[in-house]
Participant: 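I'd like to ask you about the structure that follows.
Positions are given from 1 along the sequence. Every number for a ligand or one of its atoms is a count from 1 in the order of the listing. The shown structure was predicted, so the numbers you read here are calculated from the model rather than taken from an experiment.
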Amino acid sequence: MITGSTGDFGRAFAQRFAEIGCNLILHGRSKKKLEALAEEIRTGFNAEVELCVCDVAKAEDIPKAVAGISDDFKDIDLLINNAGLALGQSGATDAELSDWLTMIDVNNRGLVAFTLEVLKGMNARGKGHIINIGSTAGSYPYPGGHVYCASKAFVKQFSLSLRADLLDKNIRVTNIEPGMVETQFSTVRFKGDESAAANVYANTDPLTAEDVAESVFWAATLPEHFNINRIEMMPTRQAPGALAVDRD
Ligand code: 8X3
């Protein structure tokens with residue numbers, strides 16, 4: 001099951017797992033976009049697809065959406081908590097409260113709701129794997145990152161904490177933490193400003209959604225006794241920066 005599957009990461013994950021014949025539950029908010037992706041997967045690969053339509057920002061709707069998954073698909077082996085977003089990159093004093101709350105709703109409240117609902121079935125079957133899509137922003141804050149960075153720090157710590165609780169349940173948990181990846185991420189962050197988005201990736205060599213998909217696929221296809229806790233990745237031409245100092 002892949003949440004937020006109609007974005008660039010979601011499509012790359014769906015394709016990577018469909019390549020080996022995994023049946024997929026594709027979650028998203030837009031039925032139309034989901035149907036288009038499902039058609040792409042069904043025709044391009046030997047994989048069955050079911051849709052799960054709900055707004056990840058409405059955590060209270062998620063239990064019902066997961067309960068509505070058909071009997072043929074409801075035994076979920078792998079949940080990829082991929083739905084997430086950044087909104088705005090102005091300094092904290094100029095930020096919009098609605099942006100901050102939406103990031104928490106999607107990146108944290110939606111993620112924990114999907115996790116808990118799917119975890120119940122995994123626990124009953126005695127196996128499963130939850131892969132969260134975190135970010136280097138969860139470890140390395142940057143100006144204008146405020147709630148986005150904090151929301152991804154939450155995802156990292158939630159992932160590690162889950163490990164503690166699932167130690168004896170044969171359920172794996174992995175946090176995948178990419179740095180700069182060229183996707184629609186920045187277009188969303190800058191609310192459709194394509195030139196601001198393009199500047200983020202200009203004159204460098206960012207990772208691609210397929211690069212991230214390969215890491216997710218690797219962690220998911222290791223033997224059952226082997227849990228990858230975290231994978232932090234960046235393009236070769238990106239690195240953590242120095243601490244900032246304000247001087248007169
Ligand atoms: C995306 C990476 O550095 O733009 O999560 O926050 S960054």
Participant: Does ligand 1 have any atom that is closer than 4.0 Å to a heavy atom of Phe185?
Facilitator: yes

Participant: Any atoms of ligand 1 less than 4.0 Å from a non-hydrogen atom of Tyr142? List them with their elements.
Facilitator: 3 (O), 4 (O), 6 (O), 7 (S)

Participant: Thinking salt bridges, do Glu60 and Arg109 make one under a 4.0 Å N-O criterion?
Facilitator: yes

Participant: May I ask you to say whether Lys33 pairs ionically with Glu35, meaning some side-chain N is under 4.0 Å from a carboxylate O?
Facilitator: no

Participant: Between Phe9 and Phe13, does the ring centre distance come in under 6.0 Å?
Facilitator: yes

Participant: Can you sort out which atoms of ligand 1 are near Ser135, meaning under 4.0 Å from one of its heavy atoms?
Facilitator: 1 (C), 2 (C), 5 (O), 6 (O)

Participant: As an exercise, identify every atom of ligand 1 less than 4.0 angstrom from a heavy atom of Ala137.
Facilitator: 6 (O)

Participant: Does this structure show an ion pair linking Asp99 with Lys191, if we count only N-O contacts that are shorter than 4.0 Å?
Facilitator: yes

